[in-house]
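The chains referred to below are lettered A, B, ... by the order of the sequence lines, with proteins before strands, and numbering in each begins at 1.
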Number of protein chains: 2
Amino acid sequence: MPHPTEPDGDAPTRLAVSTVIFALRPDRSGHPVLWTPLVRRTREPQLGLWALPGGWLPPAEELEAAAARTLRLTTGLAPTYLEQLYTFGEVDRSPGVRVVSVVYWALVQSDEAARATAGPNVRWVPADTLPGLAFDHNRIIEYALWRLRTKVEYSQIAHAFLGETFTLAELREVVEAVLQRPLDPANFRRTMLASGRLRETGERLAGARNRPPKLYRYDSTALAGANPDPTVRTESLRERPAS
Amino acid sequence: MPHPTEPDGDAPTRLAVSTVIFALRPDRSGHPVLWTPLVRRTREPQLGLWALPGGWLPPAEELEAAAARTLRLTTGLAPTYLEQLYTFGEVDRSPGVRVVSVVYWALVQSDEAARATAGPNVRWVPADTLPGLAFDHNRIIEYALWRLRTKVEYSQIAHAFLGETFTLAELREVVEAVLQRPLDPANFRRTMLASGRLRETGERLAGARNRPPKLYRYDSTALAGANPDPTVRTESLRERPAS
DNA sequence: CCAAAAGTGTTCTCGGTACACCCATGG
DNA sequence: CCATGGGTGTACCGAGAACACTTTTGG
């Protein structure tokens, strides 16, 4: 490229991809709360500390594919939403080596997350009360949380925590959990329906001892309106196989 | 590649930093239009094609510093606004080698841009009618343009095209040029003043044959309101020396 | 005095919020 | 028939759009 600085002397800059993963898990009173999986570092530096799932970028793998792969390796799940967050490259963020990390953030379905893989080197923690993590990973997760909360207010990502069909009450519970604030059910309903991105399935959810609510499905094709962020894929990631 | 891949075999992935630079230049009728500087490639691949200013990331240089440096090298200017845009890393975006580019976007003052460096290998073009560029750089500039237009509607970046002080009419001209749409002067004035981020200088701009308008100054400290994107630096970059 | 842009006032619409109220179901 | 959430109606409020109108300057 035009103004040649020779790349990488004897201590080359290394390129990593990490992923901040969010899922909702019910707390003791049954209300959903944001959780995120961490992995224990099994190498120096920062051996033993908890860190974001990730790894070096294989030369032949797409950035997004690398993010989805580490997501699957640590949780056994496929993301329902996946978006690039930011690239962190401060010279001193990793002791000794220069590491530039392209960080993605992802949402996974909450009920699937319940059966997610765990083990001695994988641990789920509440996203709002993180322990001290390796490198600058606390700051990264806080930024991802900020993005999630900002985006849930103006977009329709909340459905990515839920299954294929859901009731408006379930969707509202998700948004309330993310924003940590109760919402008016009547107004929430109207706002969501006005977005034009929900389709009735024609079915209702029976079984509770109240009026059975309608089930809806998210429709990504409907009512694009103003052109969206071109780097964010609007198609669903659901169908992507977990293999 | 399901399992940990050692970084960088014999064809290592290379890390570049590029910058999309925007400035306003008056067209023949005096109305400002968005322009962007390009550099001619002096090496293979894509030798001779026009491309974004950029280069390999030196191991000891911060990402943002690298972006500011290439900006200065190609234009002789310092940015008044500089923000990370996105990281592009498709496997096939550069023939032969894997290149991951961390792209920044920047605004420079319009009157300074008029005296900007140019030469046989640097050329300014209108941002809306780009020629065919090297690699995926057309797509990158289009994305940067989208971000600029989106952001100018809900934030206060427009002032970054102007000098230290400016009139509301000048600021409105800038926004109109970016959005390519006329705005109501009366409403624009109120919206801007209501943002709480403009301070009167006490001076007026005399000389025209109409009522002399007040001069304002942008105040980044005032009225933070909702907490902003933490990766975007709110302090002014103006004082940063061009050396 | 007139042209031209600065600057103010007023009305309207629309999206979001608060909250009263009716509807359908299981027990 | 009653408790519980589903679902509807409606009034209010504040931000932005449209546009009429007054103010201040140079010529």
Side-chain angles (χ1 to χ4, degrees), chain A residues 26 29-32 149-156 158 162 165-217 223 225-226, chain B residues 29-32 149-156 158 162 165-177 179-217 223 225-226:
Chain A
S29 60
H31 295 292
R149 293 193 162 124
T150 308
K151 197 145 192 170
V152 93
E153 294 220 74
Y154 69 84
S155 83
Q156 295 285 343
L162 298 171
T165 65
F166 46 85
T167 69
L168 283 165
E170 286 168 342
L171 189 60
R172 176 169 49 82
E173 261 207 308
V174 167
V175 177
E176 287 176 338
V178 171
L179 297 181
Q180 299 180 300
R181 152 167 74 89
L183 299 172
D184 183 303
N187 296 332
F188 181 81
R189 145 183 308 277
R190 271 180 297 237
T191 310
M192 287 302 116
L193 295 179
S195 78
R197 302 185 148 255
L198 297 184
R199 292 278 162 270
E200 290 190 19
T201 62
E203 318 233 315
R204 286 170 184 270
L205 183 64
R209 71 181 185 293
N210 51 29
R211 177 171 173 175
K214 289 182 183 171
L215 282 168
Y216 293 85
R217 179 191 316 281
L223 266 182
Chain B
S29 61
H31 295 292
R149 293 193 163 125
T150 308
K151 198 146 190 169
V152 92
E153 295 220 72
Y154 68 86
S155 82
Q156 295 285 341
L162 298 170
T165 66
F166 47 85
T167 69
L168 282 166
E170 286 167 343
L171 189 61
R172 177 169 49 83
E173 261 207 308
V174 166
V175 177
E176 287 176 339
L179 297 182
Q180 299 179 299
R181 149 167 76 90
L183 299 173
D184 183 302
N187 295 332
F188 181 82
R189 145 183 306 281
R190 272 181 297 238
T191 310
M192 287 302 117
L193 295 179
S195 79
R197 303 186 150 255
L198 297 184
R199 291 280 162 268
E200 289 190 19
T201 62
E203 318 233 313
R204 284 170 185 272
L205 183 65
R209 72 181 185 295
N210 50 27
R211 179 171 171 177
K214 288 181 182 172
L215 283 167
Y216 293 85
R217 182 190 315 279
L223 265 183

Whichever of Arg209(B) and Ala186(B) has its nearest DNA chain C nucleotide further upstream toward 5': Arg209(B)
Atom pair distance, as rounded to whole Å: NZ in Lys214(B) and P in dG7(C): 6 Å
Rounded distance (Å) that lies between atom C1' of dG6(D) and atom CD of Glu203(A): 18 Å
Heavy atoms, side chains only, cut-off 4.5 Å: are Arg199(B) and Tyr216(B) in contact? no
Distance check needed: dA6(C) P versus Asn210(B) CG, whole Å only. 6 Å
In 5'-to-3' order, the base (B), backbone-only (S) or no-contact (-) status of each nucleotide in nucleotides 11-17 of chain C, using a 4.0 angstrom heavy-atom cut-off, is ------B
Between P of dA6(C) and CG of Leu205(B), the distance in whole Å: 10 Å
Any side-chain to backbone donor/acceptor pair from Thr201(B) onto Leu215(B)? Under 3.5 Å, distance only. yes
Distance in angstrom units between Met192(A) CE and dG6(D) C1', rounded: 17 Å
Considering every strand and a 4.0 Å limit on heavy-atom distances, what is the contact class for Ala206(B): base, sugar-phosphate, or nothing? nothing
Any idea which of dG6(D), dA24(C), dT8(C) is nearest the Arg189(B) side chain? dT8(C)
Identify the heavy atoms of Glu170(A) and Thr167(A) that sit nearest to each other, and give their distance. OE1-N, 2.9 Å
Can you tell if the side chain of Arg189(B) reaches within under 4.5 Å of the side chain of Arg172(B), non-hydrogen atoms only? no
note: Phe188(A), atom CZ; dG5(D), atom P; distance rounded to Å ~ 17 Å
What integer distance in Å separates Leu193(B):CG from dT8(C):C1'? 12 Å
If you only use heavy atoms from C-beta on, which nucleotide in dA6(C), dG7(D), dT24(D) is closest to the side chain of Ala169(B)? dA6(C)
Rounded to the nearest angstrom, tell me the gap between atom CZ in Arg211(A) and atom P in dG5(D). 15 Å
Does one side chain, of Thr165(B) or Glu203(B), offer a donor that lies under 3.5 Å from an acceptor on the other? no
Side chains of Phe166(A) and Leu198(A) in contact at under 4.5 Å (non-hydrogen atoms): yes
Are any non-hydrogen side-chain atoms of His31(A) and Glu176(A) less than 4.5 angstrom apart? no
